[in-house]
Amino acid sequence: MAKVTVDGVEVEVPNGASVLQACEAAGKEIPRFCYHERLSVAGNCRMCLVEVEKAPKPVASCAYPVMDGMKVFTDTPVVRNARRGVMEFLLINHPLDCPICDQGGECDLQDQAMGYGRDVSRFSETKRAVKDKNIGPLVKTVMTRCIQCTRCIRFATEVAGVPDLGATGRGETMEVGTYVEKALGSELSGNLIDICPVGALTSRPYAFTARPWELTKTDSIDVLDATGVPIRIDTRGAEVLRIVPRQDDDVNEEWMGDRGRFSFDGLKRRRLDRPWIRRDGKLVPATWPEAMAEIAKRFTGRVGAVVGDTTDAEAIFALREMLARIPGAQMDCRQDGAAIDTTHRAYYSFNSGIAGIEEADRLLIIGSNPRLEAPVINARVRKAVLAGLRVAYVGPQMDLTYGAQRVELDTDFLVGAVKPMVILGRGALARPDGAAVLARAWELAAPTAEWNGFNLLHSFGGQVAALDLGFTGGDARAMATGAVDALWLLGADALDVKPGIFVVYQGHHGDAGAARADVVLPGAAYTEKDGTWVNTEGRVQRAFAAVAPPGEAREDWKIIRAASAALNVTLPFDTIQALRAAHPLFNTLGLIRTPLPPAPPAAGAISAEPFRLPITNYWQAEPIGRASPTMAECARALTPALAAE
C-alpha cells in the first residue's frame, strides 16, 4: 500500500493504483472523458489533469501511477487553467446541438463544461463536420459531436470482443468508425450509448422521443434472459420509452444485452388486452365473468398446467396452489423437455455465481452458446479469458468472442484445474440422454464443499423460480399430446397442443399459445406488475410495476386467484403480501447458497447425437422479442453476424 496526500488528505491505496483512483479515495471529484473503470487506460482526453509535487507540469491522473509519499493537488490555479484549456480544445469543433441532442440532460460534456470550462471560446475558425456512420439499427451516430475519447473502441474490442470499431486518419482528420460501413455485430452494442460521454452515440429507437426529466424511473429486472440484469424502466404516461441497466458488480457489472434493452416496443404490439373465448372454431371477445364461467364448465377431468419461461414467481406459486387443490392435477415448467434433476437445488443452479467466473482457471461449456443465451455472462467469461482463463466447448462450431478449443464430451480438458468450471446449457438436457449428460457434467466439474464449479445456464428469467417452487412432477410434452383433458398454459408458447384438449392460455402476447387456446386470459408483462424472479445463479430479485397493464389485462396471480374461486378451490390470499407470506422464497432477497449434494445418479449412456443450441435467433427468442419491430430489424440485419459458423 502507498500513502498519498490529496489536497491535505492522506489516503492509502494499492501499489500500482493511479493518481485518479487515489483522488477518488480521498473524496475528490476528478473530471474525465476517456477514463472508464472497466476499460483500459487511454489517457487521451487530458481532462483529468492534476498537479503533483515536484512534477514540472500538470499530469494526467488516470495514467500516472502513485508513489509512496506523493502529494497531489486537484484544485490549484494551474489545474483550473489547464482544464479550461483542455475543455476549450474539446469544444473547438463540437456543434451547439444541445437543444436537439438526445444526450441533453445526461451529458458529461455539458456537465463538465459548466463545472470546469471557461465561459467564452476564442475559436472563430470554421468548424469541421464528420459524416455519420451507419453501425446498425440500434445505435444512432452523430459523429460531428465525437471528442475521440475512444471509449467505444475500447468497449467493442475489450468487453464485447467485436473489434469492429477503430480510428482512421490523424489530427484534424481523425474519425471513429467501422473502417468499412457495416452493422456492429454485437449483442451488447447498446452499452456504447451508456459509455459515450457526449451525444455521438445515442439510441436510435429512442431518438427525439423524450427528455430525461420527463421520465418516471422504476427499478426492475430484465427477465428476457436468465442473467437477472438489474434495470431501470423509464416511462412517460402509460408507455415504456427506454430501458437501461443498473450497476451490480455481482451480476452484470454495468452491462446489458440488446434484446432486454431495445425490445420494449414489443410491449405495445400484439398485446392481449381482453378475454377471448373460442366459439365455432373462432376466438371471439368475452367478458371476464364469461371467461371464468367457461373455465368452470370445461376445466375438468384430467387437468394440468405448464408455466412459461418468463413468468413471475407469484403467478407460478398461485397456479401451483390452485392445482394442489384439484385431485390428480399435473404440472410442469419444462416446455423444452429438459431432463433437470430437481431433487437438489445445486443440480439446476449456476453454483459458482456469475462473479465466480473470474475465479476459475479452466472452463468447459457444454451444449450452450452463452453469447446468444446470456450475453452479459459471456462478457464476464471474456473478461476472465483476458486475465488467463482457458476455455473449451462441446457443441457446434461457434464464435464466442474469445479463444476457445472445441472438444468432445469425454475430454480431459479440466484434469488438473485448481478451480474447474462447467457451464451446461439447457439445450444439452433437452435430449433423450439429458439425464446422462447432466451426470457427466457434474462428474467433469468435480464439485467440492470449497468450490462448486457445476453451472446450469438457463435461458430465461422465469425458469429457476418455477423449479424452486416445485412446479414439476408432470411432463409438459405428454400433457400437450393427450395426457390431460384440459391444459392451463401460463405464458407457455413453445408447446404444440394436440386437438381435442381444452386449453386456457394466460399471457400478455398473442403468440403461439394464444392462437391454440379455447379461452384467453390477458395477463401483465414484466414491466406492468410487481413480481419476484430468480436468476440462473439462484439470486432472488424483486421488480416493480412501471406502467399499468393495457385494457382489461390483470396481474397474473390475481387472474389465478379469481379462477380458483370459479373452480371452487378458492386460494387463501387476496393480496400480494399475503401470497408472499405463504412461501419462504419470497422472504429472502439476494443470492441463496446451497450446500453440496451427492452426485446425481448415473442415467445410462450418452448418445453420439450432436449437441444442438437452444437459441439460434438471439433477437426473437421469446414473445416480446417476436412482437418487436426493432428486434425484427435486428434479426434481418445482424443474425448472420451472431450465428454459429
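- Arg236 places no side-chain N or O within 3.5 Å of a backbone atom of Ala210 that could act as its donor or acceptor partner.
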**Lys558/Glu555 under salt bridge (charged side-chain N to carboxylate O under 4.0 Å, His left out): CA gap, chis, key distance, verdict** = CA-CA 6 Å; Lys558 292 181 179 179; Glu555 294 180 42; 3.8 Å; yes
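- Residues Pro245 and Asn252 are in side-chain contact: their nearest non-hydrogen atoms beyond the backbone lie under 4.5 Å apart.
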**Message:** Test side chain to side chain contact (heavy atoms under 4.5 Å, CB included) on Glu253 and Arg380; report intermediate values, then the result.
**Reply:** CA-CA 9 Å; Glu253 298 185 307; Arg380 183 83 73 148; 3.6 Å; yes
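- Counting only distance, with no hydrogens or angles, the side chain of Asp312 and the backbone of Thr532 share no donor-acceptor pair below 3.5 Å.
- Relative to the six-membered ring of Tyr618, Arg259 meets both conditions, a distance below 6.0 Å and an angle of at most 45° to the axis.
- Side chain to side chain, Asn378 and Tyr402 meet the donor-acceptor criterion of an N or O pair below 3.5 Å.
- Note on ring orientation: taking the six-membered ring where Trp is involved, the planes of Trp533 and Tyr526 are perpendicular (angle over 60°, cut-offs 30° and 60°).
- The backbone N or O of Val159 sits nowhere less than 3.5 Å from a side-chain atom of Arg154 that would complete a donor-acceptor pair.
- Look at Arg204 and Glu633 and you find no salt bridge, because none of the NZ, NE, NH1 or NH2 atoms lies under 4.0 Å from a carboxylate O.
- Under the 4.5 Å side-chain criterion, counting only non-hydrogen atoms from C-beta, Phe33 is in contact with Gln112.
- Taking the side chain as every heavy atom from C-beta outward, Leu138 and Arg261 never approach each other to under 4.5 Å.
- In this structure, Ser628 contributes its side chain and Met631 its backbone to a donor-acceptor pair below 3.5 Å.
- For Phe262 and Trp619, the ring centers sit 6.0 Å or farther from each other.
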**Candidate pair Asp194 and Arg151, rule salt bridge (charged side-chain N to carboxylate O under 4.0 Å, His left out), full reasoning** = CA-CA 10 Å; Asp194 297 336; Arg151 279 189 184 182; over 6 Å; no
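- Annotation: the span from Arg32 atom CZ to Cys149 atom SG amounts to 12.5 Å, rounded to 0.5 Å.
- A donor-acceptor contact under 3.5 angstrom links the side chains of Gln506 and Asp556, judged on distance only.
- Using a distance-only test at 3.5 Å, with no hydrogens or angles considered, no donor-acceptor pair links the side chain of Gln335 to the main chain of Val306.
- For the pairing with Asn535, the side chain to side chain contact (heavy atoms under 4.5 Å, CB included) check across Val464, Ile221, Ile354, Val540 returns one residue only, Ile354.
- Looking only at distances, a side-chain donor or acceptor of His94 sits under 3.5 Å from a matching main-chain atom of Arg145.
- Between Glu175 and Arg128 there is no salt bridge, since no side-chain nitrogen of the basic residue lies less than 4.0 Å from a carboxylate oxygen of the acidic one.
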**Request:** Could you walk me through whether His508 and Leu272 pass side chain to side chain contact (heavy atoms under 4.5 Å, CB included), step by step?
**Result:** CA-CA 5 Å; His508 44 76; Leu272 301 174; 6.0 Å; no
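- For the pair Cys146/Val130, no side-chain contact is recorded, criterion being any heavy-atom separation below 4.5 Å from C-beta on.
- The main-chain N or O of Pro212 is never found under 3.5 Å from a side-chain atom of Arg242 such that the two would form a donor-acceptor pair.
- With rounding to the nearest 0.5 angstrom, the CG atom of Leu613 is 6.0 Å from the CE atom of Met398.
- A donor-acceptor contact shorter than 3.5 Å links the side chain of Glu373 to the backbone of Asn369.
- Within 6.0 Å of CZ on Phe123 lie more than 12 heavy atoms contributed by other residues, nucleotides or ligands.
- Judged purely by distance below 3.5 Å, without hydrogens or angles, the side chains of His509 and Arg270 never pair a donor atom with an acceptor atom.
- In this structure, Asp249 and Gln247 have side chains that are in contact, with non-hydrogen atoms separated by less than 4.5 Å.
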**Request:** Check the pair Lys127, Leu91 against side chain to side chain contact (heavy atoms under 4.5 Å, CB included), reporting the backbone distance first and the verdict last.
**Result:** CA-CA 10 Å; Lys127 291 179 180 284; Leu91 295 175; 6.0 Å; no
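- Side-chain contact between Asp309 and Glu622: absent, with no pair of heavy atoms (C-beta onward) separated by less than 4.5 Å.
- Ser186 contributes a side-chain N or O that, together with a main-chain N or O of Leu188, makes up a donor-acceptor pair within less than 3.5 Å.
- With Trp288 contributing its side chain and Glu552 its backbone, the two residues share a donor-acceptor pair below 3.5 Å.
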**Request:** Would you please test Glu537 and Val251 for side chain to side chain contact (heavy atoms under 4.5 Å, CB included) and show each step?
**Result:** CA-CA 9 Å; Glu537 60 179 347; Val251 180; 3.9 Å; yes
